[in-house]
Amino acid sequence: MIRRPPRSTLSSSSAASDVYKRQANEKWDHSVENALRKTSLGLVAGLLPSLLLTRTLAARMSMTLFTTGFGAGIGYAEAAYLYDHNVTFDRRHLINVQFMTPKTEGGGEAPAANKQ
């Protein structure tokens with residue numbers, strides 16, 4: 001009979017496995033988000049010129065589909081590079097954009113709640 005350790009104790013190998021799974025999930029999330037973003041940018045970038053430059057529906061569709069596929073290909077290539085070259089992905093390097101910051105009555109910005 002094989003004895004197993006209780007599930008409540010974490011060994012160092014399972015902790016490393018959890019870190020690896022978290023990094024893999026972050027890579028996957030970033031890859032999907034990036035692919036959707038590049039595909040939609042390709043769609044938008046092809047839609048306006050196709051409406052302005054072509055007259056037939058077939059030409060408009062082909063121009064729009066070409067640029068959409070181009071954007072999807074760029075998103076796929078970036079995801080493949082992220083996975084194939086063993087790049088360590090860290091969300092801290094992403095840019096966080098805040099469109100509106102709350103203002104205080106004195107006209108300055110509100111102090112951050114977690115500043116020390």
Exercise for the section: Hey, could you give me the CE/OG1 distance between M63 and T56, rounded to the nearest 0.5 Å? Expected result: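 The distance works out to 11.0 Å.
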Practice task
Measure the CG-OG distance between D29 and S31 for me, rounded to the nearest 0.5 Å.
Solution key: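 So the gap between those two atoms works out to 8.5 Å.
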Might you point out which heavy atoms bring [X] and [Y] nearest each other, and give the distance in Å?
X   : Y   : result
K27 : L82 : NZ-O, 3.8 Å
T64 : S50 : OG1-OG, 3.2 Å
T39 : T68 : CG2-CG2, 3.7 Å
T54 : R60 : OG1-CG, 2.9 Å

Practice task
For R22, check salt bridge (charged side-chain N to carboxylate O under 4.0 Å, His left out) against everything at least two apart and list the hits.
Solution key: E26
Practice task
Keeping the roles fixed (side chain from T67, backbone from L43), state whether a donor-acceptor pair exists under 3.5 Å.
Solution key: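 No.
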Handout entry: For L57, the rest of its hydrophobic cluster, which grows through side-chain links under 4.5 angstrom
Key =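 Other cluster members: M61.
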Handout entry: Sequence neighbours excluded - ring-ring contact (aromatic ring centres under 6.0 Å, His included) pairs with any residue from residues 34-83
Key = Y81-H85
